[in-house]
Q: 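Mind looking over this structure? Questions follow.
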2 protein chains.
Amino acid sequence: MKAKEEYQKLENQICFSLYAASRLVTKCYKPLLKDFEITYPQYLVLLVLWEQEAVSLNFIAEKLLLQSNTLTPLVKRMEELELLTRTKSHMDERSIIISLAEKGRAIKDAAIDLPFELVSGFNFSMEEITMLKTLLDKLVNNLNDDQ
Amino acid sequence: MKAKEEYQKLENQICFSLYAASRLVTKCYKPLLKDFEITYPQYLVLLVLWEQEAVSLNFIAEKLLLQSNTLTPLVKRMEELELLTRTKSHMDERSIIISLAEKGRAIKDAAIDLPFELVSGFNFSMEEITMLKTLLDKLVNNLNDDQ
DNA sequence: TATATTTGAGTCGTGCACGACTCAAATATA
DNA sequence: TATATTTGAGTCGTGCACGACTCAAATATA
């Protein structure tokens, strides 16, 4: 057990490692996503829509752990880029249905190799990737349940 | 080995786990940092200054892996909060020296338990924390060297 | 069934984060 | 030593990310 002060050093802070890793990974996406002229959060919205072509804004928000005040302007920008469309739900007049548009659908096949190109840059073994993902998912679950 | 399409699913994307975990952790900091009226990036700058009371802006940038266009406005806000001071270096007229001010120094002792409060919320074993930090640091090194 | 509560999407304001770029000072090179 | 190159900090513009809040529609409760 180290002294308390040791944990106030940047190099001993797991949270900084997480923060730095996340930003570096997002930066790695930039050149790969540039071909499609989308940002990383926009790519995440497309990932959701590639699994289900039409879902509520609230559904995307829950999947991505984002709030409406982040997601609303994000999907509005994506609507302007003609990647998706926004329509009111008839079932629930409060709800907005986000539907994949042709341009958004076209990216799915074009970006099929993107996950591999990205992760290959990690220079990680299969075991390391699996271990890291398992730990991160556990952390996300633990932190998300608290709220 | 799964089919290529499987890796386009959100739940199979390690990068999303990383992005979500990072945002959730930053959110956990918010109530703890509120006592000191600072943000998480501001806390990181203080961590650097608590190790060395006066360093160049460039030094902080390298430690935090941030660029000057992010760090300059960040430290200017911290200067207004009287957490630190900004002075020109005499050795190198291009360089700005960031020095810890009294208010910033006072937070060091007051926030001594913060790393423990934060990490205890992870609900992780010592082994899991060590493993996760090791993997994240390796990832940061691998991605940072490429640039 | 009238009223209270909850819920989904949204606005507003602030603080990062970063690409592209500028500018002056320092350093390297012809 | 004059010129070219590099470097440190900065401006500008855009896109998140989120706390605090609003508002209307849906749902729960008296």
Q: Using every non-hydrogen atom in the two residues, find where B:S17 and A:D137 come nearest and quote the distance to one decimal.
A: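 Looks like OG-OD1, 2.7 Å.
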Q: Check the phosphate of D:dA17 against B:Y19, side-chain N and O only, distance under 4.0 Å to OP1 or OP2. Yes or no?
A: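 Yes, because at least one side-chain N or O of B:Y19 sits under 4.0 Å from OP1 or OP2 of D:dA17.
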Q: Does a side-chain N or O of A:S95 approach OP1 or OP2 of C:dA9 to a distance below 4.0 Å, or not?
A: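 Yes, because at least one side-chain N or O of A:S95 sits under 4.0 Å from OP1 or OP2 of C:dA9.
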Q: Figure out the CG/P separation between B:N144 and C:dC18, and round it to whole Å.
A: 11 Å
Q: Taking only the side-chain heavy atoms of A:L57 (C-beta and beyond), determine which of C:dG19, D:dG19, C:dG10 contains the nearest atom.
A: C:dG10
Q: What is the distance, to the nearest angstrom, from the CD1 atom on A:I96 to the C1' atom on C:dG10?
A: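 About 9 Å, once rounded to whole Å.
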Q: Applying a 3.5 Å limit to both distances, which nucleotide forms a Watson-Crick or G-U wobble pair with C:dT14?
A: D:dA17
Q: If you count every heavy atom of other residues, nucleotides or ligands that lies below 6.0 Å from B:K63 atom NZ, does the total exceed 12?
A: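 No, not enclosed.
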Q: Which heavy-atom pair separates B:L118 from B:V25 by the least distance, and what is that distance?
A: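 What the structure gives for the nearest pair is CD1-CG1, 4.2 Å.
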Q: Cation-pi check, A:K138 to B:F124: give yes when NZ or CZ is under 6.0 Å from the six-membered ring centre and within 45° of the ring axis, no otherwise.
A: yes
Q: D:dA24 pairs with which nucleotide, Watson-Crick or G-U wobble, both distances below 3.5 Å?
A: C:dT7
Q: To the nearest Å, give me how far apart NZ (A:K27) and P (C:dA20) are.
A: 12 Å
Q: Determine the contact category for A:L66: base if any of its heavy atoms lies under 4.0 Å from a base atom, sugar-phosphate if only primed atoms, P, OP1 or OP2 are that close, otherwise nothing.
A: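 Sugar-phosphate, backbone atoms only, no base.
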Q: Is there, by distance only and without an angle test, a donor paired with an acceptor across the side chain of A:S68 and the base of C:dG10 below 3.5 Å?
A: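 Under the 3.5 Å cut-off, the side chain and the base do form a donor-acceptor pair.
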Q: Any salt bridge between A:E102 and A:R105, counting N to O under 4.0 Å?
A: yes
Q: Identify the heavy atoms of A:A20 and B:L65 that sit nearest to each other, and give their distance.
A: CB-CD1, 4.0 Å
Q: Figure out the CE/P separation between A:M91 and C:dA9, and round it to whole Å.
A: 14 Å
Q: Measuring to OP1 and OP2 of C:dG10, would you say a side-chain N or O of A:R86 lies under 4.0 angstrom away?
A: yes
Q: Would you indicate which nucleotide in D:dA20, D:dA25, D:dG19 comes nearest to any side-chain atom of A:D92?
A: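 Between D:dA20, D:dA25, D:dG19, the one nearest the side chain of A:D92 would be D:dA25.
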Q: Counting only side-chain nitrogens and oxygens, does B:R23 get under 4.0 Å of the OP1 or OP2 atom of C:dA17?
A: no
Q: How would you label the contact of B:K76 with the nucleic acid (heavy atoms, under 4.0 Å): base, sugar-phosphate, or nothing?
A: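 Sugar-phosphate, backbone atoms only, no base.
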Q: Could you check how far CG of B:L64 sits from C1' of C:dC18, rounded to whole Å?
A: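 B:L64 atom CG is separated from C:dC18 atom C1' by 15 Å.
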Q: Under 4.0 Å, heavy atoms only, any strand: does A:T39 hit a base, just the sugar-phosphate, or nothing?
A: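 The answer is sugar-phosphate, as A:T39 gets under 4.0 Å only of primed atoms, P, OP1 or OP2.
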Q: Tell me which of A:Q67 and A:R94 sits closer to the 5' end of DNA chain D, going by the nucleotide each one is nearest to.
A: A:Q67
Q: Could you state the CG-C1' distance from A:N69 to C:dG13, rounded to the nearest angstrom?
A: 11 Å
Q: Without decimals, in angstroms, what is the distance between A:I60 CD1 and D:dA17 C1'?
A: 17 Å
Q: Checking all strands, does B:L74 fall into the base, sugar-phosphate, or nothing category for heavy-atom contacts under 4.0 angstrom?
A: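 Here B:L74 touches the backbone only, sparing every base.
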Q: When the distance from CG of A:L44 to C1' of D:dC16 is rounded to whole Å, what number comes out?
A: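 Roughly 12 Å, once rounded to whole Å.
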Q: Looking at C:dA30, which nucleotide sits across from it as a Watson-Crick or G-U wobble partner, both distances under 3.5 angstrom, or is there none?
A: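 Across any shown strand, C:dA30 pairs with D:dT1.
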Q: What's the closest nucleotide to the A:E93 side chain, out of D:dA25, D:dG8, C:dC16?
A: D:dA25
Q: Between A:K34 and A:I97, which residue's closest nucleotide on DNA chain C lies nearer the 5′ terminus?
A: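 Its nearest nucleotide being more 5', the pick is A:I97.
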